[in-house]
Amino acid sequence: MIHAAFRPIGVLCATVVLILCSWAIAPTAHAYENPDLLPEAPTNVIDLADSLASVQQDELDQALSAFESETGWKLRVLTQFDRTPGRSVKDFWGLDQRSVLLVADPRGGNLLNFSVGDDLYDLLPRTFWIELQTRYGNQFFVRDNGEDRSIISALESIQVCLRRGGCQVVPGLPREQWILTLITSILGGVVLGFAAQPRQEGQPFAWQWALIFSPLWGILFIAFGLGPVVTRTPDWLPVLRNVAGFTLGALVAYLAPLLGKTSPTSET
């Protein structure tokens, strides 16, 4: 009986010993500081993951140096996979409040990450960096365009906005985003058309109901249909297309009951 009582204690002690032994013989983890991976010569690009071709590295290095001389903003690029220099890049590049470090690491769900100096948030808010990351670092963009295009496109957007004196959103209107704005514009028109259908004899347009539903169709058309377009591109063609979609949706919804009444029915 005594041996049976002490048996669980013995099993517990053996388990603890095994855990301690596994910790003792486990390989030492790589330190977060790994300055051995830093190049000896000064450069604006450290490509440990081989995301860029040699020609691209040289061109990007020269472009970032010229941009820093022109504007005073410091842009740096680090690509990594299973090796990283860690925090040692901060001293290597002298990163400060006027610096942006783009880190490209394909191991995560998104390729791009940004370390941004505080001085840049006055010109490029936090929402800008989130949109920049999701637009150019998502897996679909990287799959279709490559890691190199993802990195270069993100840097070009940053440079354009800093030369402008700041941006609230990322410049450019991707096709997928424009299609979404077109859909919301059409939906806004449909809501307006249904709301404006006459409900009394001799009433051509139910403006009261159209006014009541104006917050809904106004948000769909103005906020979600036109807003993302005019803030991202000076091109008027997508604006005209969205206005046409809104108008068409409103007309179809408004005339739907009339077309249903006038459609002939025949029996054979």
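If you read the sequence from its start, that first residue is 1, and numbering goes on from there.
- Side-chain contact between W217 and V190 is absent, with no heavy atoms from C-beta onward closer than 4.5 Å.
- Put simply, CD1 on I152 and CD on E59 are 8.0 Å apart, with the number rounded to the nearest 0.5 Å.
- One distance of note links CH2 of W178 with OG of S185; it measures 9.5 Å at 0.5 Å rounding.
- Across every non-hydrogen atom of L38 and P85, the tightest pair is CD2-CB, 3.7 Å.
- Between K90 and S115, every side-chain heavy-atom pair lies at or beyond the 4.5 Å cut-off.
- With hydrogens and angles ignored, the 3.5 Å screen pairs a side-chain donor or acceptor of N242 with a backbone N or O of G225.
- Atom CZ of R126 has 12 or fewer heavy atoms from other residues, nucleotides or ligands within 6.0 Å.
- Under a hydrophobic clustering in which Ile, Leu, Val, Met, Phe, Trp and Tyr are joined whenever their side-chain heavy atoms come within less than 4.5 Å, directly or via other members, F205 and L251 fall into different clusters.
- Looking only at side-chain heavy atoms (C-beta outward), L155 and F67 stay at 4.5 Å or farther from each other.
- Between R98 and G72 the shortest heavy-atom distance is NE-O, 3.5 Å.
- Summarising the geometry of C167 relative to P125, their closest heavy-atom pair is O-CD, 3.2 Å, with the distance given to 0.1 Å.
- Considering every non-hydrogen atom in both W93 and V45, the closest pair reads CZ2-N, 4.2 Å.
- Side-chain N or O atoms of Q97 include one that pairs as donor or acceptor with a backbone N or O of D118 at under 3.5 Å.
- Taking CZ of R232 as the reference point, atom OG1 of T181 lies at 9.5 Å (rounded to 0.5 Å).
- Salt bridge absent: E176 and R135 never bring a charged side-chain N and a carboxylate O closer than 4.0 Å.
- Hydrophobic clustering (side-chain heavy atoms under 4.5 Å, transitive across Ile, Leu, Val, Met, Phe, Trp, Tyr) groups W236 together with I222.
- Within 6.0 Å of atom CD in Q139, 12 or fewer heavy atoms from other residues, nucleotides or ligands are found, so the atom counts as exposed in its surroundings.
- V170 and L180 fall into different hydrophobic clusters, where Ile, Leu, Val, Met, Phe, Trp and Tyr residues are linked whenever their side-chain heavy atoms come under 4.5 Å apart, directly or through other members.
- Two residues are said to be in side-chain contact when any heavy atoms from C-beta on lie closer than 4.5 Å; Y254 and P198 meet this criterion.
- Residues L95 and F92 share a single hydrophobic cluster, defined by chaining ILVMFWY side chains whose heavy atoms lie under 4.5 Å apart.
- In this structure, F224 places its CZ atom where only 12 or fewer heavy-atom neighbours from other residues, nucleotides or ligands lie under 6.0 Å away.
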**Item:** salt bridge (charged side-chain N to carboxylate O under 4.0 Å, His left out) between R76 and E68, intermediate numbers included
**Value:** CA-CA 10 Å; R76 299 293 184 266; E68 183 177 358; 2.9 Å; yes
**Message:** Would D119 and W73 count as a side-chain contact (heavy atoms from CB on, under 4.5 Å) here? Give the steps.
**Reply:** CA-CA 10 Å; D119 290 352; W73 298 106; 4.2 Å; yes
**Prompt:** Checking side-chain contact (heavy atoms from CB on, under 4.5 Å) for the pair L120/L162: CA distance, chi angles, key distance, verdict?
**Reply:** CA-CA 9 Å; L120 283 99; L162 290 177; 4.2 Å; yes
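- The line from CD1 of I151 to CG of L60 is 8.5 Å long, rounded to the nearest 0.5 Å.
- Here the side chain of W129 pairs a donor or acceptor atom with the backbone of L124 at under 3.5 angstrom.
- Taking both residues in full, the closest heavy atoms of S157 and L132 are given as CB-CD1, 3.8 Å, listed atom of the first, atom of the second, then distance.
- Within 6.0 Å of atom CH2 in W209, 12 or fewer heavy atoms from other residues, nucleotides or ligands are found, so the atom counts as exposed in its surroundings.
- Between Y136 and F141, the two ring planes are perpendicular [angle over 60°; tilted spans 30° to 60°].
- Counting only heavy atoms from C-beta outward, the side chains of F246 and L192 approach each other to under 4.5 Å.
- Other residues, nucleotides and ligands contribute only 12 or fewer heavy atoms inside 6.0 Å of the CZ atom of F81.
- Here the straight-line distance linking atom CG of L173 with atom CG of L237 works out to 10.5 Å at 0.5 Å rounding.
- What you find for R241 and L182 is that their closest heavy atoms are O-CD1, 3.7 Å.
- A donor-acceptor pair under 3.5 Å links the side-chain atoms of S69 to the main chain of S65, judged by distance alone.
- Of the listed residues (D47, N44, T79, D50), just one forms a side chain to side chain donor-acceptor pair (under 3.5 Å) with Q57, and that residue is D47.
- By the 4.5 Å heavy-atom criterion applied to side chains, I46 and L37 are not counted as neighbours.
- Using a 4.5 Å heavy-atom cutoff, the side chains of D148 and S51 are not in contact.
- Distance check, rounded to the nearest 0.5 Å: CG of D144 to OG of S150 gives 11.5 Å.
- Using a 4.0 Å cut-off between charged nitrogen and carboxylate oxygen, E156 and R149 count as a salt-bridge pair.
- Within a 6.0 Å radius of CZ in R199, other residues, nucleotides and ligands contribute more than 12 heavy atoms.
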**Message:** Could you go through Q168 and T231, starting from their C-alpha distance and side-chain angles, then the distance that decides it, and tell me whether this counts as side-chain contact (heavy atoms from CB on, under 4.5 Å)?
**Reply:** CA-CA 8 Å; Q168 295 298 314; T231 56; over 6 Å; no
**Message:** side-chain contact (heavy atoms from CB on, under 4.5 Å) for I186 and L248? Distances and angles first, verdict last.
**Reply:** CA-CA 7 Å; I186 295 174; L248 181 62; over 6 Å; no
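- A single hydrophobic cluster is not seen to contain both L112 and L78; linkage of ILVMFWY side chains at heavy-atom distances under 4.5 Å, directly or through other members, places them apart.
- No side-chain heavy atom of V116 sits under 4.5 Å from any side-chain heavy atom of F128.
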